[in-house]
Amino acid sequence: MKIVAPAGSIERFYAAIKAGADEIYMGLKGFGARRNAVNLTLDEYKEALDYAHARGVKVFLTLNTIMMDVEIEAISINLRELYKHGLDAVIVQDFGLAEFIKNNYPGLELHGSTQMTVANHVEANYLKSIGFERVVLPRELTFEEIKNIREKTDIELEIFVSGALCISYSGNCYMSSFIGGRSGNRGMCAQPCRKKYTSKDEEEGYLLSPKDQLYGYEEIQKLKEIGIDSIKLEGRMKEPNYVFQTVNYYKELISGKNIEEKSSDIFNRGYGTGYFYKSSKEIMNRDFASHLGKIIGDLNGRELKLKEKIILGDGITFLSKDYEKLGGTYVNKIDTKFDKNKKEAFPGETLILKDLPTGTKYVFRNYSKEVNDLIELKLKSIDKKHLIKFEFIGKLGEKAKIKVSTLNNRLELIEAKLESENLIEKAKNRGTTKETITEKLIEIGDTTFRGVVDSVEIDEDIFLPISIIKQLKRDVVKELLNKLIKSYRRQSDLELQKLLRKDLIEKVSILSAIVSNEEQKIAVENYGINKIYSKGFDVAREGNLEKIDLKNKMATNLYQALDNKNEKITLGWNLNISNRYAFDHFSNLEKVDTIIVSPEVSFRRLEEIGETTVKKAILVYGKPRAMYTELSLTKNKIDIIENEQGDKFTVIENSLGNSEIYLEHPLNILKDRKYLESIGISELVLEFTTETPDEIKDILEGKGKYKPYNYEKGVF
């Protein structure tokens, strides 16, 4: 089982490899689902590819965002450079981008991002059928669901095991986008889930903020047993020491060692096992949403009875009863109840605190000197090595021959061979032994390799100077490294296959409606709307497939599109279709008749898509669905929560027990009907959630307030 580690900067990249990561995922500047990370320039990325490949490590480019047409064609310039240089795979969310890559970069692996929300074996098998090598499953799946998917598909499966949890399903969160135009689907999330909210029952706190996830020994052994191919660690924006420690921790767990985790001593906003087990009560941390550290004891006045070891140089922070920061300091003196000027204190001892801010309720350690010092030491002293095999032949009267070989990540055998300049002579005294040759061969010092000796064939009583063995070894290893790096290079001189834009054809549009109940259905029928869809679910989890309505003419998840019972279907807006390449891809599904474009596509970008084979539809009215989350978030089926800026959100629990969060003010572009028809829109879709029949009547009669959200301004 491989470890896939994050690298949001070159420092994190080196830390991940030194700790033993098998595969690295990282972005280019300006692209990917963590565009706010430092990321790498093109030249840095090429250097990183060579560095990784020299150590037997794969590198995956993160392009896991929805793309506009102009962006797909723009990324092709840098992507071609990385493809030629030996990039191992691309992680994608956008089906259009996947189609473009498949057609233009043969041999480049495609991995389905967790933002694709492929949550069942039917969808996983579909990805395999269209050329994907791997899929990253959503974090919301239980172990039993993961196991069931593993049994029913042979595509590679990757599982998130540590790091931040989004409260919403990845790829189905639009809150940051609808509030401020910063799209999580495009790597610019403003993290509104990490803010404070108040419910109508006056419950206050971080109501949308989950703890981070950290699987332990038992969970890793279970994943190993069922044949999971790789485990993914999150942390492209966390410190290099966190990346190193977490990779190292999981390397030990995979090898069978049940060691204590130390990641929580570096970054900590609370940890749990997420959705791995059926119970999800421990997922949320409503007290605080950022890294505060680890509580180190119980405070009574100025006395702190320790639960954790503390040493000089540790960083501590003082918090109020509401977990507000009151101050902090580095520990430069340790006085306990019975001792003064100690270098360290242990659990059970009572620490005397002198300069304690007024109102302090909790004391947390937010910097562990001991853990960080140990990591810094390891970072300087260890490196990941690539296994190579030596063969040596030494025959009297012939030149000494040495061969070294290894496999690259594509499982191609790479070999280098050399001969000595002089013929081997018979020893006058003691001859050179196999043991001596073996010992000198595996002493390869400051290289990216670790060696084993496959065979040593020599005649008895030969004389072979140690200097000759060492020189042959140095030269052949240098040649092997050169050949290894070059083995990843590809040729790419063909002209890119691009999907040409077709001129728009003006349409006469129809009105359609998505309804949540029978009352709404009757109301829209009375208005003369004939094309009516039932409200669906954004995600088809492996454990819920029997609850997905395959007779609904609108598919709001990929499973519903693949196994639908209707002759013609419409794809929902939450499938994030935003470019002509994606339209072209889904037009190959026989039943797809109409596609509702993503509400993150601006009018200008919509025009750029041009005419398409299948019909284009657009959401013209609806309370924007900001999040679709697996959890039941409130005590009531319908609730209202409010942020500190006064924005209100409606939380609705659906029949699956999932929570859907809606903005208060509806999207409404009904007045743009003539313009939308002029740019080729065939269907204007109204989506109703909590609206009454009277409210629906007002909306259809044009009494609603115009609010275009992202259609006019676009998204970042």
Side-chain angles (χ1 to χ4, degrees), residues 66-67 69 72 92-103 110 112 116-133 135 149 152-155 171 497-502 504-505 507 509-510 512 514 530-540 542 545-598 601 609-619 680-685:
I66 64 168
M67 297 266 186
D69 291 277
I72 289 178
V92 299
Q93 172 187 1
D94 193 299
F95 279 95
L97 176 63
E99 194 77 19
F100 180 83
I101 291 172
K102 187 172 69 173
N103 291 336
L110 285 170
M116 276 186 163
T117 326
V118 172
N120 60 73
H121 71 276
V122 176
E123 295 171 342
N125 283 327
Y126 174 69
L127 258 60
K128 176 76 182 287
S129 75
I130 60 172
F132 280 75
E133 294 286 334
V135 60
I149 294 171
K152 294 179 179 178
T153 184
D154 61 356
I155 193 171
Q497 296 180 41
K498 296 181 180 179
L499 200 58
L500 296 177
R501 180 184 180 276
K502 296 177 182 175
L504 291 165
I505 300 172
K507 304 290 192 305
S509 62
I510 64 165
S512 67
I514 303 166
N530 299 316
K531 196 169 187 181
I532 302 171
Y533 309 105
S534 297
K535 189 174 180 303
F537 306 116
D538 284 15
V539 181
E542 183 73 15
L545 293 185
E546 75 285 352
K547 296 178 183 177
I548 303 299
D549 181 9
L550 297 178
K551 294 180 181 178
N552 193 349
K553 291 183 179 179
M554 184 178 70
T556 52
N557 54 71
L558 188 55
Y559 169 68
Q560 209 170 18
L562 296 170
D563 280 10
N564 204 286
K565 304 303 180 189
N566 294 288
E567 288 184 9
K568 291 183 178 180
I569 63 171
T570 296
L571 298 187
W573 59 263
N574 62 294
L575 288 172
N576 298 326
I577 297 169
S578 60
N579 56 71
R580 74 179 76 105
Y581 292 92
F583 266 87
D584 189 61
H585 171 81
F586 283 110
S587 71
N588 293 319
L589 291 183
E590 192 177 331
K591 295 176 181 178
V592 174
D593 173 72
T594 304
I595 291 174
I596 308 174
V597 297
S598 164
V601 178
I609 291 174
E611 193 61 24
T612 52
T613 308
V614 295
K615 296 171 192 165
K616 288 198 295 291
I618 192 169
L619 190 67
I681 300 297
S682 300
E683 187 175 326
L684 310 179
V685 185

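All residue numbers in this chain count up from 1 along the given sequence. Keep in mind that the numbers below use all heavy atoms, side chains included, and drop hydrogens, waters and symmetry copies. Small disclaimer: the values here were computed from a predicted structure and weren't measured.
Residues Ile72 and Tyr581 are in side-chain contact: their nearest non-hydrogen atoms beyond the backbone lie under 4.5 Å apart. With contacts defined as side-chain heavy-atom distances shorter than 4.5 Å, the pair Leu500/Lys502 does not qualify. Side chains of Ser587 and Thr612 form no contact here, defined as non-hydrogen atoms less than 4.5 Å apart. In this structure, Asn557 and Thr117 have side chains that are not in contact, with every pair of non-hydrogen atoms separated by 4.5 Å or more. When side chains are defined from C-beta on, Met116 counts as touching Val92, because their heavy atoms get closer than 4.5 Å. Between His585 and Ile130 there is a side-chain heavy-atom pair separated by less than 4.5 Å. Residues Trp573 and Val685 have side chains not in contact (no heavy-atom distance under 4.5 Å, counting atoms from C-beta outward). Side-chain contact check for Ile569 versus Val592: some heavy-atom pair is nearer than 4.5 Å.
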Margin query: Go through it in stages, so that I can follow the logic: the residues are Tyr559 and Leu550, the test is side-chain contact (heavy atoms from CB on, under 4.5 Å), and I'd like the CA-CA distance, side-chain angles, deciding distance and then a yes or no.
Written below: CA-CA 9 Å; Tyr559 169 68; Leu550 297 178; 3.7 Å; yes
Next item on the list: Would you sort out whether Arg501 and Asp69 count as a side-chain contact (heavy atoms from CB on, under 4.5 Å), showing the intermediate values?
Entry: CA-CA 9 Å; Arg501 180 184 180 276; Asp69 291 277; over 6 Å; no
Next item on the list: Applying side-chain contact (heavy atoms from CB on, under 4.5 Å), run through Ile577 and Phe583 and close with a yes or a no.
Entry: CA-CA 7 Å; Ile577 297 169; Phe583 266 87; 3.7 Å; yes
Checklist line | Criterion side-chain contact (heavy atoms from CB on, under 4.5 Å) on Asp94 and Ser578, from CA distance to verdict | finding: CA-CA 8 Å; Asp94 193 299; Ser578 60; 3.6 Å; yes
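The backbone N or O of Lys553 lies less than 3.5 Å from no partner atom in the side chain of Lys568, so there is not a single donor-acceptor pair. The backbone N or O of Thr556 sits nowhere less than 3.5 Å from a side-chain atom of Asp538 that would complete a donor-acceptor pair. At distances below 3.5 Å, at least one donor-acceptor pair connects side-chain atoms of Asn576 with backbone N or O atoms of Gly171.
Looking at Lys531, Lys507, Lys616, Lys615 one by one, the single match for salt bridge (charged side-chain N to carboxylate O under 4.0 Å, His left out) with Glu683 turns out to be Lys531.
Among all heavy-atom pairs drawn from Ala119 and Ile149, the shortest one is O-CD1, 3.7 Å. Across Ala555 and Leu575, no two heavy atoms sit closer than the pair O-CD1, 3.8 Å. Scanning all heavy atoms of the two residues, the minimum distance from Ser509 to Leu684 falls at OG-CD1, 3.6 Å. Nearest approach of Asp154 to Lys128, heavy atoms of both residues: OD1-NZ, 2.9 Å. Across every non-hydrogen atom of Ile66 and Ser598, the tightest pair is CD1-OG, 4.1 Å. Looking at every heavy atom in both residues, Phe132 comes nearest to Gly112 through CD2-N, 3.4 Å.
For Arg580 and Glu99, the salt-bridge test fails: no basic side-chain N is under 4.0 Å from an acidic carboxylate O.
Taken from CD1 in Ile596 to CD1 in Ile681, the straight-line distance is 10.5 Å, to the nearest 0.5 Å. How far NZ of Lys591 is from CG of Leu562: 9.0 Å, rounded to the nearest 0.5 Å. Between atom CD1 of residue Ile548 and atom CZ of residue Phe537 there is a gap of 6.0 Å, rounded to the nearest 0.5 Å.
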